[in-house]
Trainee: 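I'd like to ask you about the structure that follows.
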Amino acid sequence: MADDAEKRTNSSEQAGRDYRDTVFLPQTDFPMRAGLPQKEPQILARWEEIDLYNTARKTRQAAGAPLFVLHDGPPYANGAIHIGHALQKTLKDFVVRSRFAMGYDVDYVPGWDCHGLPIEWKIEEELRGQGRRKDGVSKAEFREKCRAYAGQWIGVQKDGFKRLGVLGDWENRYATMDYGSEAAIVAEFHKFVASGQLYRGSKPVMWSPVERTALADAEVEYHDHVSPTVWVKFPVTQGSDAARGASVVIWTTTPWTIPANRAIAYNESIAYGAYLVEAMETDLAFEPWARPGDRLILADKLAEEVFKAAKVAKWRRVETIDCQGMVCEHPLAALDTHYAFSVPLLAGDHVTEEAGTGFVHTAPGHGADDYVVWLAHGHREIPETVDADGAYYPHVALFGGLKVLETEGKKAGKFGPANNAVIDKLIEAGGLLARGRLEHSYPHSWRSKAPVIFRNTPQWFIRMDEPLDTPQHGGRTLRETALEAIEATAFYPEAGRNRIRTMVESRPDWLISRQRAWGAPLAMFVDKETNQPLHDPDVDARIIEAIAAEGADAWFTRPVTDFLGAHDPERYEKVEDILDVWFDSGSTHAFTLEGRENTRWPADLYLEGSDQHRGWFQSSLLESSGTRGRAPYNGVLTHGFTMDENGEKMSKSKGNTVDPHQIIRESGAEIIRLWAAMVDYSEDQRIGKTILATTSDAYRKLRNTLRYILGALAGYSDQEAVALEDMPPLERYILHRLQVLDGEVRDAYAAYAFQDVIRPLIAFCQEDLSALFFDVRRDALYCDQPSALRRRAARTVMDAAFERLTVWLAPLMPFTTEEAWTMRFPEAGSNALRVFPETPTAWANPGEAARWAKVQAVTAVVTGALEVERREKRLGAALEAAPVVHINDPDLLAAFDGLDPAEVFRTSQATLSAGEGPAQAFRLAETPAVAVEPLRAQGQKCARSWRILPEVGSDRRYPDLSLRDAEAVAAWDAAQGGAGA
RNA sequence: GGGCCUGUAGCUCAGUUGGUUAGAGCACACGCCUGAUAAGCGUGAGGUCGGCAGUUCGAGUCUGCCUGGGCCCA
């Protein structure tokens, strides 16, 4: 308070004139508050107007720039964009814009995945809503509805992506449902047919009775589900003496598969024994199915558990059992001769003794392991027991027509009567030992959420392990080709290589057929006599031509004679299955990187979420390896998933989702972009309120730095520029920092390490510019004459910093840098078209860097000393101080050669002194050679610069100014026509 | 249940081949400034480096186990 009063008195005594007008304060229209939600759409409109993407391409092409191809992984055209989309498209845009800035011609065609079950399901839902049954709608109409639905979402998503500032060839976006794409996909399929990589197999596949379709692994999700469990006795008919008269007990959660049973699997490393039931539990509410005297064969480790379930109170192990060569009869054999076949015991490693009985009921048509072990023992016949609706075929004795799952109405997805019917018959036949219920993880359809079953179906597969006799393959199998391609690909991060390799090494043949409507067809004919696909290039050409003209519908609606030509229609079966959507997306490279201008196959980069190791990276790899003998990409970059603020997965039910539209509405797309730039995208990232607030703070720091530079550069032109050799040390240091950053920024962008761009740049703005350069140079910028070398040098360096910051940050923050650039250079064209400017190597100056490290160390002691004075209320502003700084280290002292210590310390005056300094002087442990006496500045306060100097008053024209300020005002007054005090 | 990845201050991240009291920016608290002002400068507080055990003279860094989280599969 006393100080304030004193200051007022001082200034009022000398208040001859208000010098404010003569001070060169920062001047700019660049607002401190961004107003991004309003401003971004204006900038987008401007980009649209100048056709930024194509202009950039043409400019680069005219300059003979090298090509960079980023091939877009197609999002599914269903639903609004979520934060995961936003992250991914933003990262892609970082790549596109940074490659443009590095001088490349960048090809980026956004695309959409359109076919498939989720859209079919939506349309079915829509039809149900209208009270129409799917059967009452023609396939053509159904597909038309799917097409319209996908088209609508492409529009919505495209708008969302463009709003994020994503640059690309939106006009020529690709879609897997475009007629040309469908034709290309089918042409790719024909290549597999022609090279003999396709075969028709019979295999139990995941089947959804509710949707009447086979499901890919990716279409299945696991949920807890309560199933009935049964322990079933299979009487032994062949085996050791101990085994005969006993029953092998199996345990299953799918009683309905018992009619399909053909074998029992056991494990040779499990110990089995024959057990005699001696007594049952008493006081049971029901009559148990086991009886004293029963002889049961079980894994020793599991016997107790089984007896508990069967309510057996007392039992005795009779003998060790060797399962090899044992044969049983089917538990329903007594009820119907249909089941009068032998049930062999087969050894299999998949059998464990963790739960059950140590024996696995084996129905080759209803389980993957069952199928494998069945084939491994030389069997070929796979019984077909259940139809597409999940009902037993009529030929299945005792159960014909019964449904495993309900498929219609409210009970759709619930168990049908099959389970209970089988259990009842088992009881009747005396084959049931015990029953129960179990909650376990069970496969469900990703779409309908209904349980799925394993069902034996004829399907089309691409072989993984057949040696291929084509020029590209040279006898290698598809698996070998793909594995070699993985080794030839760059992975960011490197761990992705191992991940996809493991999957490709162990994956089964590629099941590509689906019994659905909305997709590209397996457009081929099969010879009914040989069961082989028809190979006729003319037929294929007619198919492709028709699909290219009319879409996939042509295959389904045109008469077969249109395609077959001279071939006998009676002899050929037309395949009406459609292709797995992964085959579609795996073929995008074929119709996006080939047959277009100014692009190249293979792509430089595929960039997707880490889930796509199983998905698009792999489907593209297999498709391309099968047809072209290598991957369609040279590099693969993966990002993690976006979690909530606590690192937990987002879900609508948890209510922890973050909506990109809301962020855009409240803060702007730039904030999403900056967030994406600052996090480690290769791992899972987090987003939420706190994190977005932190991001906005970082944004403000960058924005204010640009704003201050813009303000300080008001009226700057190149004529003012100072040559490097005339620069003061501080400016040389800043130029050195720019030179270092130039290399760091280029390297980081080249390696897609956006964090390594933004982190150093934020630190540079904070530490070097704001806290050092701007703070030290404020006095010169505000008060030196425009002609003063010091001020001109500072502005020259600010110009260099502005030129670089705006372009280095442009790929990450295109909106703000565009705003700043056009604010300063309205006629210079879009900032987004600029290339990283060369930064002279002559700017590199490690000597200055070393000097300023020392200067900063000394400054820290000075500020420490002043801080103590402030705390003691002896000092306010640093300009009130005139510290005496004792430096007992010649090296540290020499760092101040050519520097004005008062300017560096931002005090009014300062004195450097060699030597140890008085004992009571302020010291810091880190810099023991420096001792500071924080004296008050003597003299009068300059009314213009506010520095306190003894010289104030010595220019009689301006008695309240320092000499420098007096000269500056004199020049100012002269320029204004002599007006003065 | 299996494969891969991951857990350093409130937030985002650094921490080279294991080596002195674990760093930065932001946020926070306090102070200064009031000519970058819904700004700027400074000072400070804040971490048993997910946990346990081991290897080592020495571990955030290496090994094993456990635990939380994620992706993919079963």
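Just so it is clear: chains get the letters A, B, ... in the order the sequence lines come, proteins before strands, and each one is counted from 1. Just so it is clear, the values below take in all heavy atoms, side chains as well, and ignore hydrogens, waters and symmetry mates.
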Trainee: Under 4.0 angstrom, heavy atoms only, what part of the nucleic acid is A:R759 near: base, sugar-phosphate, or nothing?
Mentor: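 A:R759: backbone/sugar contact only, no base atoms under 4.0 Å.
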Trainee: Hey, are A:R944 and A:T22 close enough side-chain-wise for a donor-acceptor pair under 3.5 Å?
Mentor: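 Yes, a side-chain donor-acceptor pair sits under 3.5 Å.
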Trainee: Going by an N to O cut-off under 4.0 Å, is there a salt bridge joining A:E505 and A:R479?
Mentor: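 The answer is no: the pair does not qualify as a salt bridge.
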Trainee: May I ask you to say what A:F641 touches in the nucleic acid, namely base, sugar-phosphate or nothing, with a heavy-atom cut-off under 4.0 Å?
Mentor: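 The answer is sugar-phosphate, as A:F641 gets under 4.0 Å only of primed atoms, P, OP1 or OP2.
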Trainee: Examine the base of B:A36 for any acceptor or donor lying under 3.5 Å from a partner atom in the side chain of A:R707, and report the outcome as yes or no.
Mentor: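 It does not, because no donor-acceptor pair links the side chain of A:R707 to the base of B:A36 below 3.5 Å.
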Trainee: When the P atoms of B:U12 and B:A53 are considered, how many whole Å apart are they?
Mentor: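 Taking atom P in both B:U12 and B:A53, they lie 29 Å apart.
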Trainee: Between B:G54 and B:C28, how many Å separate the two C1' atoms, rounded to a whole number?
Mentor: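 My reading of the C1' atoms in B:G54 and B:C28 gives 40 Å.
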Trainee: Is A:R700 close enough to B:A36 that one of its side-chain N or O atoms is under 4.0 Å from OP1 or OP2 there?
Mentor: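 The answer is no; no side-chain N or O of A:R700 sits under 4.0 Å from OP1 or OP2.
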Trainee: Test your reading of the model: is there a side-chain donor-acceptor pair from A:E670 to the backbone of A:T816, 3.5 Å cut-off?
Mentor: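 Answer holds: yes.
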Trainee: Whole-Å distance between B:G3 P and A:R501 CZ?
Mentor: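 Distance, rounded to whole Å: 16 Å.
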Trainee: Both distances below 3.5 Å, Watson-Crick or wobble geometry, any strand: find the nucleotide opposite B:U21.
Mentor: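 Checking every strand shown, B:U21 finds no partner, since no pair has both distances under 3.5 Å.
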Trainee: Between A:R936 and A:E869, does any side-chain N to carboxylate O distance fall below 4.0 Å?
Mentor: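 Not counted as a salt bridge, because no side-chain N and carboxylate O are separated by less than 4.0 Å.
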Trainee: Base, sugar-phosphate alone, or nothing: which one does A:R20 contact when heavy atoms must sit under 4.0 Å apart?
Mentor: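 Result for A:R20 = base.
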Trainee: Between A:D775 and A:R778, is there a salt bridge with N-O shorter than 4.0 Å?
Mentor: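 Answer for the salt bridge query: yes.
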Trainee: Roughly how many Å is it from CE in A:M503 to P in B:C71, rounded to a whole number?
Mentor: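 These atoms are roughly 13 Å apart.
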Trainee: Just name whichever nucleotide pairs with B:C65, Watson-Crick or G-U, keeping both distances under 3.5 Å, else none.
Mentor: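 The answer is B:G51, by the H-bond criterion.
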Trainee: Contact class for A:D775 vs. all strands (heavy atom < 4.0 Å): base, sugar-phosphate, or nothing?
Mentor: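 Here A:D775 touches the backbone only, sparing every base.
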Trainee: Provide the distance between the two C1' atoms, one in B:G68 and one in B:G31, to the nearest whole Å.
Mentor: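 Pairwise C1' distance, B:G68 against B:G31, rounds to 41 Å.
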Trainee: Closer than 4.0 angstrom, basic N to acidic O: yes or no for A:D799 and A:R824?
Mentor: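 Yes.
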Trainee: Is the phosphate of B:G31 approached by A:K873 (side-chain N or O, under 4.0 Å from OP1 or OP2)?
Mentor: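 False: A:K873 side-chain N/O out of range (4.0 Å or more) of B:G31 OP1/OP2.
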Trainee: What is the distance, to the nearest angstrom, from the OH atom on A:Y782 to the C1' atom on B:U34?
Mentor: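 My rounded result for the distance is 11 Å.
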Trainee: Starting from P on B:A38, measure out to CZ on A:R703 and report it in whole angstrom.
Mentor: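 In whole Å, B:A38 P lies 13 Å from A:R703 CZ.
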Trainee: Can you see if the side chain of A:Q766 gets near the phosphate of B:C41 - specifically, an N or O under 4.0 Å from OP1 or OP2?
Mentor: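 Yes.
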Trainee: Is A:E819 salt-bridged to A:K39, cutoff N-O under 4.0 Å?
Mentor: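 Salt bridge: yes.
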Trainee: For B:C13 and A:Q685 - does any side-chain N or O of the residue sit under 4.0 Å from the phosphate oxygens OP1/OP2?
Mentor: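 For B:C13, OP1/OP2 do not have a side-chain N/O of A:Q685 under 4.0 Å.
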Trainee: Roughly how many Å apart are B:A24 and B:U34, using the P atom of each and rounding to a whole number?
Mentor: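 My reading of the P atoms in B:U34 and B:A24 gives 29 Å.
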Trainee: What integer distance in Å separates A:D18:CG from B:G35:P?
Mentor: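 About 11 Å, once rounded to whole Å.
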Trainee: Counting only Watson-Crick pairs (N1-N3 plus N6-O4 or O6-N4) and G-U wobbles (N1-O2, O6-N3), all under 3.5 Å, who is the partner of B:G46?
Mentor: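 Base partner found: none.
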Trainee: Just to be sure I understand the rule, does A:G711 reach a base, reach only the sugar-phosphate, or reach nothing, if contact means heavy atoms closer than 4.0 Å?
Mentor: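 Result for A:G711 = nothing.
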Trainee: Mind checking A:R944 for me? I need base, sugar-phosphate or nothing, with any heavy atom below 4.0 Å counting as a touch.
Mentor: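 Touches a base.
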Trainee: Using the C1' atom on both, measure B:G69 against B:G23 and round to a whole Å.
Mentor: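 Nearest-Å result for B:G69 against B:G23 at atom C1': 26 Å.
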Trainee: For atom C1', what is the distance between B:G46 and B:C26, given to the nearest Å?
Mentor: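 Here B:G46 and B:C26 have their C1' atoms 14 Å from each other.
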Trainee: With respect to the phosphate group of B:A39, does any side-chain polar atom (N or O) of A:K701 fall under 4.0 Å of OP1 or OP2?
Mentor: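 Result: no.
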Trainee: Reckon A:S770 touches a base, only the sugar-phosphate, or nothing at all at heavy-atom distances under 4.0 Å?
Mentor: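 If one applies the 4.0 Å heavy-atom cut-off, A:S770 turns out to touch a base.
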Trainee: Exactly one of A:I709, A:L805, A:L809 should register a side chain to side chain contact (heavy atoms under 4.5 Å, CB included) with A:C765. Which one does?
Mentor: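 Exactly one candidate clears the test, A:L805.
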Trainee: Salt bridge or not between A:D779 and A:R791? Use side-chain N to carboxylate O under 4.0 Å.
Mentor: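 Here A:D779 does not pair with A:R791 in a salt bridge, since their nearest N and O are not under 4.0 Å apart.
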Trainee: Return the value, rounded to whole Å, for the distance between atom CZ of A:R870 and atom C1' of B:U43.
Mentor: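 Distance, rounded to whole Å: 9 Å.
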Trainee: Indicate, with a heavy-atom threshold strictly under 4.0 Å, whether A:A771 touches base, sugar-phosphate, or nothing.
Mentor: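 Sugar-phosphate: the residue A:A771, judged by heavy atoms under 4.0 Å, touches backbone atoms but no base.
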Trainee: Record whether the side chain of A:R499 comes under 3.5 Å of the base of B:C71 through a donor-acceptor pair of N or O atoms.
Mentor: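 Counting by modelled atom types and ignoring angles, a donor-acceptor contact under 3.5 Å is found here.
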Trainee: Could you tell me how far B:G25 sits from B:G19 if I compare only their P atoms? Round to whole Å.
Mentor: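 About 23 Å, rounded to a whole number of Å.
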Trainee: Report the base-pairing partner of B:G35 (Watson-Crick or G-U wobble, both distances below 3.5 angstrom), or none.
Mentor: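 None - no nucleotide pairs with B:G35, as no candidate has both distances under 3.5 Å.
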Trainee: Just the rounded figure in Å: distance from C1' of B:G3 to CZ of A:R614.
Mentor: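 One finds 10 Å between C1' of B:G3 and CZ of A:R614, rounded.
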Trainee: Closer to the 5' end of RNA chain B via nearest nucleotide, is it A:A878 or A:D697?
Mentor: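 Going by which nucleotide is closer to the 5' end, it is A:D697.
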Trainee: If a protein heavy atom is under 4.0 Å from the base, mark B; if only from the sugar-phosphate, S; if neither, -; do that for nucleotides 6-11 of chain B going 5' to 3'.
Mentor: S----B
Trainee: Report which part of the nucleic acid A:W946 touches: base, sugar-phosphate, or nothing (heavy-atom distance under 4.0 Å, all strands).
Mentor: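 If one applies the 4.0 Å heavy-atom cut-off, A:W946 turns out to touch a base.
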Trainee: If we take the P atom in both B:U16 and B:U63, what is their distance in whole Å?
Mentor: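 Here B:U16 and B:U63 have their P atoms 14 Å from each other.
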Trainee: Heavy atoms under 4.0 Å, any strand shown: does A:A877 hit a base, just sugar-phosphate, or nothing?
Mentor: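 Counting heavy atoms under 4.0 Å across all strands, the contact made by A:A877 is with sugar-phosphate only.
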Trainee: Return the value, rounded to whole Å, for the distance between atom CZ of A:R778 and atom P of B:A36.
Mentor: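 Roughly 5 Å, once rounded to whole Å.
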Trainee: Any ion pair linking A:R686 and A:E645 (charged N to carboxylate O, less than 4.0 Å)?
Mentor: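 Looking at A:R686 together with A:E645, the answer is no, because their closest N to O distance does not fall below 4.0 Å.
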Trainee: Would you call A:R790 and A:E903 a salt bridge, taking side-chain N to carboxylate O under 4.0 Å as the test?
Mentor: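 Salt bridge between A:R790 and A:E903, a charged N being under 4.0 Å from a carboxylate O: yes.
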